[in-house]
Amino acid sequence: MSLVAEAFVSQIAAAEPWPENATLYQQLKGEQILLSDNAASLAVQAFLQMCNLPIKVVCRANAEYMSPSGKVPFIHVGNQVVSELGPIVQFVKAKGHSLSDGLDEVQKAEMKAYMELVNNMLLTAELYLQWCDEATVGEITHARYGSPYPWPLNHILAYQKQWEIKRKMKAIGWGKKTLDQVLEDVDQCCQALSQRLGTQPYFFNKQPTELDALVFGHLYTILTTQLTNDELSEKVLFLSEDGKW
Amino acid sequence: MLLGGPPRRSPRSGTSPKGPQSSTGHVHFGKSPQTWPRRTRPRSPGLAAPSGVRGSTQPKRRDFPRRAWLTALSRYGARLWMGRRPSLPEARGPAPRSAAASRASRSLASPETSPSPLPATTRGAVAGGGSVQGRAGAQKEVFPGQGAGKMAAPMELFCWSGGWGLPSVDLDSLAVLTYARFTGAPLKVHKISNPWRSPSGTLPALRTSHGEVISVPHKIITHLRKEKYNADYDLSARQGADTLAFMSLLEEKLLPVLVHTFWIDTKNYVEVTRKWYAEAMPFPLNFFLPGRMQRQYMERLQLLSGEHRPEDEEELEKELYREARECLTLLSQRLGTQKFFFGDAPASLDAFVFSYLALLLQAKLPNGKLQAHLRGLHNLCAYCTHILSLYFPWDGAEVPPPRHTPAGPETEEEPYGRRNQILSVLAGLAAMVGYALLSGIVSIQRATPARAPSTRALGMAEEDEEE
């Protein structure tokens, strides 16, 4: 969309209030969804709940393909479809609900930076664990990813996705990392988050922000998902402050 | 780690006066903006010992660290060093049985396999050369704090050479260099423009004192930190967390745009980036290497930003630039009016931010939308110029680098140029003479009456030809 169209659309978006039938689409919860997608979806749900906006969660097997950017989750509000946490936050802001209005400039900068940290490290580590660690891939990921599809297709799609993720890992320099190095990075990231949180209930002031939603989504999923390698959840468990969530 | 402990002192105490005090010797070098407590490193020579064991044939080297090597090799180190080009591959040539291995490791991009005898000769060469600076100029710098260069085995950093008023034109090299300056690490910096000359095949590359080669910038900085050159020493845990967060921000938001601006945007690429690289690289490489680098960057950018259809490319670009502008504004807000991001002393985050910003500011880009935005953020501009003037005084000033960097590639190209000319003339002559001889226009005969038969032969040959 060009800038003009974007402005137009956001105007329209701002004009309408949040409808009652807003839906969030994700993959099938029981059999199909993977760790990283589950984390993202939970983050969005947490964010919308923090804003007190009602949302209904609908599970579809082809959610990934329905999404405009190829990533889950995406929300369908009125006649618009928005995917991924970043754009959703902006969309919600255009409608007049925002969690980070009370922050000053420096805090906003920090919030953005920490969100990028989580995306950069935690999300990438999750992707690595799911798609590049042979044990996990064989036992869990392939089976789950291809579960809604009939026989040759499930393998083909799973391999295709794995190849794509591996290419991306190589491009950002994670291709040569071993599992231990990845876990070390996760450790560092968790320590950084823990330091920033300190003893406060939320990251900034007394109000939750989108950063809290994002971190919650990732941590909760990591802690509650069964994987072949439980080291990831062990690392995360060390953050005792987050037990309150 | 205790390996090197006891034997270190025993038989070698006579060879150099700094024997038992080699650890305290470490304290003296390195200038840093603030005095970092330089902790002595009693254990690190022990780390060098096993590497000595691996590669060395001479038994006396086995238990020892650098001192023995240095004293043994400083004799011919000085000879090697004088009048040589600062690029170490030649200096290392005569090293016993490491030449082939070193060349092999250099030509392949395998950073971990550089053999350990290499550092011996390197250090020996440096010991001789540290005090006798054969050619200290834009291409090689030995940090003054290094003294005689005998204390720590100096680490060597290979990075892209400078241009556009900056000490280095490559993002990663600049970040590593800046960090090294902040901490005063005694690095021998080799500014080269031929990535194939670096020990790992890519730049920047750090050759540590144990001979290991590291080429990932973050790992280089981690290594420097391990060697106690830590710019983040004074940061609180929370500031350390902030560092991680802001570095992720830079990588996600600013890096794609920087890559796009310099390598993908056609006008910029052709007029600035490719021009610089083609001029800087030696003869055969400048034809294909910039193009290859561009393809690599393009692929990386595509993978990072996900799949996009061709008609969305403009959208994607706009999106990228918008996020980058936002990121710059955020950085500016975070910096506020401070001198550095965390108070008055520079930290590793400053090194990275500086490298991104300096490249954007200094390069004269024809298509500089982001540059224009950055120039509007005055505190960031002041921050850049402050760091440039403080830590890179001779590179930051416009006058010396233009004189050196054009002279650099020119002097490098000159001998090749002349040699190529002579060779091509000789080749042409040889071709002509060979053709003449083979086709019989001219024939050489061993007859004593020199004139007549040869002219007759010539005449006959000509008749043959006409027929």
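Below, read A as the first sequence line, B as the second, and so on, with proteins coming before strands; counting in each chain starts at 1.
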Contacting region of A/Q188 [heavy-atom separation from chain B under 4.5 Å]
both
Tightest non-hydrogen contact, residues B/L244 and A/L117, listed as O-CD1, 3.6 Å
Closest approach of A/V106 and B/Q333, non-hydrogen atoms and distance?
CG2-O, 3.6 Å
Side chain / backbone / both / neither for B/Q239 at chain A, heavy atoms under 4.5 Å:
neither
For atom NZ of A/K108, decide whether the heavy atoms of other residues, nucleotides or ligands shown that lie under 6.0 angstrom number more than 12.
yes
More than 12 non-hydrogen atoms from neighbouring residues, nucleotides or ligands closer than 6.0 Å to NZ on A/K161, yes or no?
yes
Given the options A/A109, A/A171, A/A192, which has more heavy-atom pairs under 4.5 Å with chain B than any of the others?
A/A109
By a 4.5 Å heavy-atom criterion (distance strictly below it), what part of A/M115 contacts chain B: side chain, backbone, both, or neither?
neither
I'd like to know if B/E326 and A/K112 make a salt bridge, using a cut-off of under 4.0 Å between side-chain N and carboxylate O.
yes
Hey, what do you get for CZ (B/R238) to CD (A/Q195), rounding to the nearest 0.5 Å?
9.5 Å
Measure the shortest side-chain to side-chain distance between A/E110 and B/F246 over non-hydrogen atoms and say whether it is less than 4.5 angstrom.
yes
Can you confirm whether A/K168 is buried at NZ, in the sense that more than 12 heavy atoms of other residues, nucleotides or ligands lie under 6.0 Å from that atom?
no
Does any N or O in the side chain of A/Y114 come within less than 3.5 Å of the main-chain N or O of B/D242, such that one atom is a donor and the other an acceptor?
yes
Hey, could you give me the CZ/CZ distance between A/R167 and B/R300, rounded to the nearest 0.5 Å?
14.0 Å
Hey, what do you get for CD1 (A/I172) to CG (B/L255), rounding to the nearest 0.5 Å?
11.0 Å
Within this structure, what is the CG-CE distance for the pair B/L330 and A/M111, rounded to the nearest 0.5 Å?
9.0 Å
